[in-house]
Amino acid sequence: MKRSGFYLSFVAEDFLSRTAALKVGQCAAQLIRPGDISLVVADTISRLKILSLVTICRRNSFVSATMASKASLRPIVISGPSGTGKSTLLKRLFAEYPDSFGFSVSHTTRKPRPGEEDGVAYHFVDRPTFEKLIQEKAFLENAEFSGNYYGTSIKAVEDVGTHGKTCILDIDMQGVISVKKTALNARFLFLAPPSLEILRTRLEGRGTESPESVKKRMDQAEKEMAFAETGAHDKIIVNDDLENAYNDLISFVFEEK
């Protein structure tokens, strides 16, 4: 994680002097009020830009402080209908905080594809081994697709934590129900669309979904939305604006519980 001042000077290099940027960064890191900050560099940059930069700096200072105080590494389960933007938000989260979060490595009985490494892409096991793990209740959730088993083991999730990272699980409604029956002590986040009508528009707009596929996904979305209304999740984020949704995600994943 970059020091606040240096991070800010990098962001502001096109319109703010390095010296002024460092001053703003130092003020933000010390949580000086925005009104005070405007006095520091009032002649260098507009107040609006200062406040924008301070927002960036404060968020990174908060994240650094949270990590430094060893915030909870409780796994985070993220669920929601297909088309709500889970992949987009998680891709951004992992890119911005690669040392803070990690995905668990799933088990599968299918054969490795060219370039896939055991323990990295998947834990590749034979069918008897997988079925033995099922009997031992080693999986948080598992399913069979096209003749092959796939599953997320409790150990795989715990392994992410041993590396000092918070494990994030992107699973469906049945997976959420399964995880709640374990001693994993996870936190649960549901990502919802503004409405089912807008979700349908998003799915159809992909250009990759057949009418049958859209119907199947919408039927599942209705079930997941109804499930979310039961209070099964710690937080629900409505993705009606990607930037706002990402900020809400950041607040949740770094919230110490």
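Nothing fancy with the numbering, it's 1 onward along the sequence.
- Within the model, atoms CD1 of Ile237 and OG1 of Thr84 stand 10.5 Å from one another, a figure rounded to the nearest 0.5 Å.
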Test side-chain contact (heavy atoms from CB on, under 4.5 Å) on His233 and Ser79; report intermediate values, then the result. CA-CA 9 Å; His233 305 82; Ser79 61; 3.3 Å; yes

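- Not counting sequence neighbours, Ser87 has no partner by the side-chain contact (heavy atoms from CB on, under 4.5 Å) test.
- Legend: residues meeting ring-ring contact (aromatic ring centres under 6.0 Å, His included) with His123, ordered by chain and number and at least two apart, are His107.
- Neither side chain, Ser251 nor Asp248, offers a donor N or O lying under 3.5 Å from an acceptor on the other.
- When atom types are taken as modelled, the side chain of Glu116 and the backbone of Arg113 share a donor-acceptor pair closer than 3.5 angstrom.
- For the salt bridge (charged side-chain N to carboxylate O under 4.0 Å, His left out) test, no residue two or more places apart in sequence or in another chain qualifies with Asp240.
- Taking the side-chain contact (heavy atoms from CB on, under 4.5 Å) definition, one finds that Lys165 meets it with Val160, sequence neighbours left out.
- Under the 3.5 Å distance criterion, the side-chain polar atoms of Arg110 are left unmatched by any main-chain donor or acceptor of Gly147.
- Residues Tyr150 and Glu141 have side chains that never bring a donor and an acceptor to within less than 3.5 angstrom of each other.
- Scanning for salt bridge (charged side-chain N to carboxylate O under 4.0 Å, His left out) contacts around Arg206 gives Glu209, with sequence neighbours left out.
- Clustering of Ile, Leu, Val, Met, Phe, Trp and Tyr side chains at separations under 4.5 Å places Leu203 together with Phe190, Leu196, Leu199, Val214, Met218, Met225, Ile236.
- By the rule that hydrophobic residues join a cluster once side-chain heavy atoms approach within less than 4.5 Å of another member, Val105 and Leu133 end up as members of separate clusters.
- Listed by chain and residue number, Phe130, Phe139, Asn142, Tyr149 satisfy the side-chain contact (heavy atoms from CB on, under 4.5 Å) test with Ile134 (two or more places apart in sequence, or in another chain).
- Atoms CG and CZ, on Asn247 and Phe252 in that order, are 15.5 Å from each other to the nearest 0.5 Å.
- Arg92 contributes atom CZ, which lies 10.5 Å from atom OG1 of Thr88 (distance to the nearest 0.5 angstrom).
- Between Asp234 and Leu189 the shortest side-chain heavy-atom distance does not fall below 4.5 Å.
- Residue pairs that meet the salt bridge (Lys or Arg N to Asp or Glu O under 4.0 Å) test with at least one member in residues 166-181, sequence neighbours left out, do not exist here.
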Could you walk me through whether Tyr246 and Leu93 pass the side-chain contact (heavy atoms from CB on, under 4.5 Å) test, one step at a time? CA-CA 8 Å; Tyr246 183 69; Leu93 178 70; 4.3 Å; yes

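- Between the CG atom of Asn239 and the CG atom of Leu191 there is a distance of 5.0 Å, given to the nearest 0.5 Å.
- Applying the salt bridge (charged side-chain N to carboxylate O under 4.0 Å, His left out) test to Glu197 and every residue at least two apart in sequence or in another chain returns nothing.
- With rounding to the nearest 0.5 Å, the separation of CD in Gln220 from NZ in Lys215 is 12.0 Å.
- Between the side chains of Ser82 and Arg217, at least one donor-acceptor pair of N or O atoms lies under 3.5 Å.
- Evaluation of the side-chain contact (heavy atoms from CB on, under 4.5 Å) rule for Asp241 yields Glu243, Asn244 as partners, not counting sequence neighbours.
- Comment: Lys235 does not engage Glu255 in a salt bridge, judged by the lack of any side-chain N to carboxylate O separation of less than 4.0 angstrom.
- Under the salt bridge (charged side-chain N to carboxylate O under 4.0 Å, His left out) criterion, Glu158 pairs with no residue, sequence neighbours left out.
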What's the verdict on salt bridge (charged side-chain N to carboxylate O under 4.0 Å, His left out) for Glu212 and Lys216, showing C-alpha distance, side-chain angles and the deciding distance? CA-CA 6 Å; Glu212 294 76 15; Lys216 182 178 179 180; over 6 Å; no

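- Within a 6.0 Å sphere centred on NZ of Lys86, heavy atoms belonging to other residues, nucleotides or ligands number more than 12.
- Salt-bridge check for Lys155 with Asp159: passed, with a basic side-chain N closer than 4.0 Å to an acidic carboxylate O.
- In this structure, Phe188 shares a hydrophobic cluster with Val77, Leu140, Ile154, Val157, Leu169, Ile171, Met173, Val176, Ile177, Val179, Leu184, Phe227, the cluster being traced through Ile, Leu, Val, Met, Phe, Trp and Tyr side chains under 4.5 angstrom apart.
- In this structure, CZ on Phe124 lies 10.0 Å from CD on Glu117, to the nearest 0.5 angstrom.
- Residues Leu249 and Val238 fall into different hydrophobic clusters, defined by Ile, Leu, Val, Met, Phe, Trp and Tyr side chains chained together at heavy-atom separations under 4.5 Å.
- Using a 4.5 Å cut-off on side-chain heavy atoms (C-beta onward), Arg202 and Pro194 make contact.
- There is no path of hydrophobic side-chain contacts, each under 4.5 Å, that joins Tyr122 to Val125.
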